[in-house]
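Working notes, structure below.
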Amino acid sequence: MRQLKRPRRGALTLGVGLAMMLVMIALALLAPVICRFDPLEQDLYAFLRPPGGLHPFGTDQLGRDMFSRVLYAARTDLRIMALAEIAPFLTGLFLGMIAGYYGGWVEWAVTLATDTFIAFPYYLLVIVVAFATGAGVHGIYITFMLVGWLLYARVARGATASLRESEWLQSARLMGYSDWRIIWRELFPNVLPQAVVVLMTDMAGLLVIIVTLGYLGIGVTQPTPDWGTMIAEGQNFMTTAWWLSVIPGLMVVYTGIALSFIGDGLAEIWEN
Amino acid sequence: MDAVLELRHICAGYGDQPVLEDVSLVIPRHRVVGLVGESGSGKSTAARVAAGLLTPTAGEVLLDGQPMAGRRSKADCRKVQMVFQNPEGSLNPKHRVGRALEDAMVFHGTATRGEAREKARRLMARMELPADAPDRLPRSFSGGQKQRIALARALAVEPELLIADEATSALDVSVQLKMLELIRALKSERNLTILFISHDLGVIRYVCDDVVVMRAGRVLEAQPADAFFRRPQTEYGRELLDSVPRIDF
Amino acid sequence: MDKNVILGVEGLNLYDRAGNQLVKDVSLSLRAGETLGLVGESGSGKTLTLRSLIGLLPEGIREKCAARRDNPNCAMIFQNPMSALDPLCPVFRQLCEVIELRQKTNPAETRARALALIRRLSLPEALADTDRLPGSLSGGQCQRLLIAMALSCDPEVLLCDEPTTALDVTVQKQVLALIRELQRERGFAILFVTHNLAVAAQVCESLMVMRQGEIVERGPARRLLTAPCHEYTKALTGAILPVPEREA
């Protein structure tokens, strides 16, 4: 029963995760259509209004509409998250497969690099780069270009190395297929699932990093709306206007849960 | 004698560990050569050298009379195909099994993309696989079926030499018999040349024309199967034959 | 159940979590000194039946039976001798520990008994002085050692789960001969589980053939192999590829 149940449970988890994520992406994309207010427009006559009426999520200390700000922040944060993951994901996957397939010194070098950097405190690196490049999102992009691929390289190398001695791979070599063809057509479909599961988990982690940097004031800069800066600003009004911090906080939690569901669901489906 | 493949004074091993010491072996065309030996005798290593999966440290491999050195050309790769022991690993889990055959045929030009589908279907039907088999993924087949698919893939490119490395050893006896019958029938239908590796002398006797006995990385004796099973030349050959569990009352 | 039966079960049914029946209405019994072979292909339920007899069913298997007789004095040998030994403990010490635990002997007596067993099983006596780890012994030596451990508790029943499948034929022959001799000497009963009819016939007087959880045929080894009744037994004996005796 367990064996029958697992994929079905996985499909359910994946479905819920995808639905949650699609709602979030749709809201972000449609923000200009849905929102009645400009997220930057100040209205000093209507500051710190609690949620309800014209402002479903209330307004902030400058009278800006929280609903608009939260959705526009989603545009910013989700875009950074996706852009900062694409290149590292592809490079990591590619280098990892090469290392795992050829073994030898290539594998040794990639393993050394991944093990070294994975032991390195991540935030420290981001903060150092952020100070070097100045506040703003480039710090995040650059850091991720530098170290983000290592995680995927590690996963892809492990998955590839475990398949290296498999009989079907030997058969493919015997057929005389080129290395490129074996990596691309034989190995890639087998390695991709594991890498995608890791991608989902890592994206959730990256979102938290983006928000944390915004909170610390070295990420997304004012006045661009971002969940991290919104949480930081709202802190001063925690006792009087809880919605300023809590609502963007809930957004982060919601997106993180959606990504984790997608990752867990895929892992369960692909496991068997 | 026309030999498809010849190993001449081969030494080979993994890392610093030598496995084969001065192994010479001739596989004549249209014969089934059985390679027998116990675990660690080097029979699988010899197969890997013959197939070009392992480069020998000394000696020469001749394929169709041509010495093989370095990476084999595409044409030479077609000539030697192999079926391995473990049915669970024999097929790419992400590919339709028909695709494995079609890709191989198109790659080596034994069929055009248009013909390949039909040809793969016919070949798999010959292997007594169900009609919808080409469109299914490996995990839906039993171990015996997977081995027959692997055999079909190997034969799809019309190799000069088929190497079966314990290809039926992981199967149940009744399933094993079915596959051995198939191999015997295909051998006469297609005039195959086979290097058949097994630790099971009953299996060897059933399919092989010649027998080569290996032990500890060396070839001890090589002779026609009838002669070997009647009169082994070496003490070890006799010991092997006498060790087979028999049903005798 | 007959009171002479020392280990047995009647009407055994086993189910997995989903309720699929894995073993169906199996009855088997061993009397003192009897040798019984349980033969079947993969998935026939032979190993599950064996494990049910000694109460070692894997988690999640549900069991129903009409009657059973347990025997605390069973010993078992396994398919893979290497993984049945502690890889980090020298083998002679492992043997001594088993003897001490089961027989409550003092150190001198333990050593003497272990040495006697080692000699009886033609293992190198030097092991007593320069003990070695299991990794440095061959598969056949490890299996002998496991047989020694099994015998150290003077079992009434020796359970064998494919004990020679992982061994080379020449070693298999020696191990089978050894099991047979020891059985004659000590008179324990044997339940021998294997997929190989010819191997079972070397050790057992009677055989049972299992298929898809059911026993399809049982009888004296000789009758069952020379004149099988059930279609499946015929298919199994027909699939044995014979190797005739060589010329002398």
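Note on naming: letters A, B, ... go to the chains in the order of the sequence lines (proteins, then strands), and numbering restarts at 1 for each one.
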Are B:His95 and A:Trp168 packed together at the side-chain level, in the sense that at least one heavy-atom pair is separated by less than 4.5 angstrom?
no
Is any side-chain heavy atom of B:Arg99 closer than 4.5 Å to a side-chain heavy atom of A:Arg185? yes
Value for CG (B:Asp103) from CZ (A:Arg181), rounded to nearest 0.5 Å, stands at 5.0 Å
Output for pair (B:Arg48 CZ, A:Gln170 CD), nearest 0.5 Å, gives 4.5 Å
Which of A:Asn190, A:Leu187, A:Leu192 passes side-chain contact (heavy atoms from CB on, under 4.5 Å) with B:Lys94? It is A:Asn190
If I measure from the heavy atoms of chain A, does [X] come under 4.5 Å with its side chain, its backbone, both, or neither?
| X | result |
| --- | --- |
| B:Asp76 | neither |
| B:Arg71 | side chain |
| B:Val157 | side chain |

B:Cys77 and A:Gly176 have their tightest heavy-atom pair at SG-CA, 3.5 Å
On a heavy-atom basis, the closest approach of B:Ala100 and A:Tyr177 is O-OH, 4.4 Å
Of B:Met82, B:Gln81, B:Gln85, B:Lys74, the largest count of non-hydrogen pairs under 4.5 angstrom with chain A goes to B:Gln81
Max heavy-atom pairs within cutoff under 4.5 Å with chain A, candidates B:Val83, B:Val80, B:Asn92, goes to B:Asn92
Taking a cut-off of under 4.5 angstrom between non-hydrogen atoms, the residues of residues 50-66 of chain B near chain A are B:Ala51, B:Leu53
Above 12 or not: heavy atoms from other molecules or residues under 6.0 Å from [atom1] of [X]?
| X | atom1 | result |
| --- | --- | --- |
| A:Phe94 | CZ | no |
| A:Phe117 | CZ | no |
| B:Phe107 | CZ | yes |

Could you walk me through whether B:Glu88 and A:Glu167 pass the side-chain contact (heavy atoms from CB on, under 4.5 Å) test, one step at a time? CA-CA 9 Å; B:Glu88 297 319 308; A:Glu167 288 82 359; over 6 Å; no
